[in-house]
Amino acid sequence: MQITSKLPNLGTTIFTVMSGLANQHNAINLSQGFPNFDCDPKLKNLVSHYVQNGYNQYCPMTGLPTLTQRLANKIEHLYQVAYNPKTEINITSGATQAIFSTIHAFVHAGDQVIIVEPAYDCYQPSIQLAGGIVVPYQIKAPDWKIDWEAFGQLITPKTKMIILNTPHNPSGSILIDDDYQALQKLVADTNILILSDEVYEHMIYDGQKHCSILSYPALRKRSLAVYSFGKTLHATGWKLGYIVADEALMYEFRKVHQFDVFSSNTPMQYAIADYLEDESTYLGLANFFQQKRDLFLDKIKDSPFEFIPSAGTYFQVADYSAISDEPDTEFAKRMTIEYGVAVIPISVFYHNNLDNKVVRFCFAKTEDVLEEAGKLIKTIQPK
Ligand code: PMP
Ligand code: GLN
């Protein structure tokens, strides 16, 4: 039988590859982004409660009303904008599904979608499956800034969508007000949509505030913003998230959402709705993760890696050019196998595998693991 692949050039995601290698070699896994600690027992008890008490059938397609209402309050409080919980917020099976469904709801064959590389790896295949054309804009170490004039030159009459991600995975950089002002000018008088991936909204450091696209009235009407409970609740395995957009956009989103997933896990939605009543559960995350970032950086500061502290996400990128001139994919493998610390090479997030000799560490780990990783990293010898 002959199979004609729809994604002939695509291999297995780097997260599966590097976590597999870490397990195989018993390395500390700072590659794939997930905490090595559990979520709050209070949250787990709430899930058990709802499972045991019969909340086990389909949820409404749009999400549990008490949860979407809770999220509407959260958004209004944090970003000073009122979204209608019934018509403008939808629970999804992770941010990945929200991204996939959004792209499929809006991108027609031949439409161009601008993405910022290094780009989270689910954007490109989703665009290609929709028949869209990926138009990459590349940001680079060490400042990872977008030059909006150069970015604007990528816009054509065929540009349907721009995908942004702040705080940015993998670089740890963030968009600030100036970025949104520039973007606003670029897209004024166009029909360009913006998909804003804000899954790390609460992981932002050094007193900075997350700038959400939802706070910008001129951008809001053309934007869909996605979030992940996996990140916010230390429960990446639950694969739950949500999407926020004006009613007209949400109407189109739901046409796809209802047939690629219909609805998401019911007892967990009940549990999360109760749990988020206490806003310290998410407002405390910046401090919580900043301590981890600082501990990790303290442990590697005397190593040959060069870095600028991450502004957001639970990732830290570091330049290894003082250690080796190997390609980053080879270096990441060698770090895992020879030194026992698995990392992610950044080149895989560029369509042309641009290799800046930078790797990504995930610091969403307990102190003992960060300390142990720091010790191993300090033993790395220049080659
Ligand atoms: N976007 C970014 C930038 C991510 O890092 C991730 C990974 N967790 C996702 C989307 C996907 O989130 P989820 O696990 O909720 O699908
Ligand atoms: N978002 C996580 C990361 O960037 C991984 C998600 C996944 O494994 N698909 O590492």
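Both counts, for ligands and for their atoms, begin at 1 and track the order of listing.
No side-chain N or O of H104 forms a donor-acceptor pair with one of D260 less than 3.5 Å apart. Judged by distance alone, the side chains of N73 and Q69 do bring a donor and an acceptor atom under 3.5 Å apart. In summary, the side chains of N169 and T313 do not present any donor paired with an acceptor at a separation below 3.5 Å, with no hydrogens or angles considered. A donor-acceptor contact under 3.5 angstrom links the side chains of Y275 and D40, judged on distance only.
For the pair T13 and ligand 2, no heavy-atom separation below 4.0 Å is found. Between H168 and ligand 1 there is no heavy-atom distance shorter than 4.0 Å. For D197, the closest heavy-atom approach to ligand 1 falls below 4.0 Å. At least one heavy atom of Y200 sits under 4.0 Å from some atom of ligand 1.
In terms of protein heavy-atom proximity, atom 8 (O) of ligand 2 is nearest to Q32 NE2, 2.7 Å. The nearest heavy-atom contact from the protein to atom 12 (O) of ligand 1 is A95 CB, 3.5 Å. When hydrogens are left out, the protein atom nearest atom 14 (O) of ligand 1 is K239 NZ, 3.0 Å; that is the closest non-hydrogen contact. The protein heavy atom nearest to atom 7 (C) of ligand 2 is F15 CD1, 3.6 Å. With respect to atom 4 (O) of ligand 2, the closest heavy atom belonging to the protein is N169 ND2, 2.8 Å. Summary of contacts: the protein heavy atom closest to atom 11 (C) of ligand 1 is T96 OG1, 3.3 Å. The protein non-hydrogen atom at the shortest distance from atom 9 (C) of ligand 1 is Y120 CE2, 3.5 Å. Ranking the protein heavy atoms by distance from atom 8 (N) of ligand 1 puts K231 NZ, 2.3 Å first.
Both tests hold for K292 against F288: distance to the six-membered ring centre under 6.0 Å, angle to the ring axis within 45°. In this structure, K365 is positioned above the aromatic face of F34, its NZ or CZ under 6.0 Å from the six-membered ring centre and within 45° of the axis.
The pair K74-E201 counts as a salt bridge, with a side-chain nitrogen and a carboxylate oxygen less than 4.0 angstrom apart. Under a 4.0 Å N-O distance rule, the pair K42/D274 does not qualify as a salt bridge.
Under 4.0 Å from ligand 2, the heavy atoms of K231 that appear belong solely to its side chain. Contacts between R360 and ligand 2, counted as non-hydrogen atom pairs separated by less than 4.0 Å, involve the side chain only. Contacts with ligand 1 closer than 4.0 Å are made by no heavy atom of Q97, backbone or side chain.
For ligand 1, the atoms sitting less than 4.0 Å from at least one non-hydrogen atom of V199 are 1 (N), 2 (C), 3 (C), 4 (C), 10 (C), numbered in the order shown with element in parentheses. Listed by number with element, the atoms of ligand 1 under 4.0 Å from a non-hydrogen atom of N165 are 3 (C). Less than 4.0 angstrom separates some heavy atom of F315 from each of these atoms of ligand 2: 3 (C), 4 (O), 10 (O). Those atoms of ligand 1 with a heavy atom of G94 less than 4.0 angstrom away are 15 (O), 16 (O).
Within the set F34, Y120, F349, Y314, the minimum heavy-atom distance to atom 6 (C) of ligand 2 is found for Y120.
In this structure, H210 has its ring center closer than 6.0 angstrom to the ring center of Y79. Ring centroids of F289 and H234 are separated by less than 6.0 Å, placing the two rings close together.
Residue contacts with ligand 1: N169 is placed with a nitrogen or oxygen under 3.5 Å of a nitrogen or oxygen of the ligand (distance criterion only). Residue G33 has at least one nitrogen or oxygen atom sitting less than 3.5 Å from a nitrogen or oxygen atom of ligand 2, judged on distance alone. Considering both main-chain and side-chain atoms, S228 comes within under 3.5 Å of ligand 1 through a nitrogen or oxygen pair. At a 3.5 angstrom cut-off on N or O pairs, S31 does not count as close to ligand 2.
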Show your reasoning for whether side-chain hydrogen bond (donor to acceptor under 3.5 Å, both in side chains) applies to D177 and Y216. CA-CA 9 Å; D177 184 59; Y216 291 84; 2.5 Å; yes

Residue pair D355, K357: steps toward the salt bridge (charged side-chain N to carboxylate O under 4.0 Å, His left out) verdict: CA-CA 6 Å; D355 183 0; K357 313 289 177 218; 3.0 Å; yes

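The same ILVMFWY cluster, assembled from side-chain heavy atoms under 4.5 Å apart, contains both L164 and V81.
The distance from the CD1 atom of I133 to the NZ atom of K160 is 11.5 Å, given to the nearest 0.5 Å.
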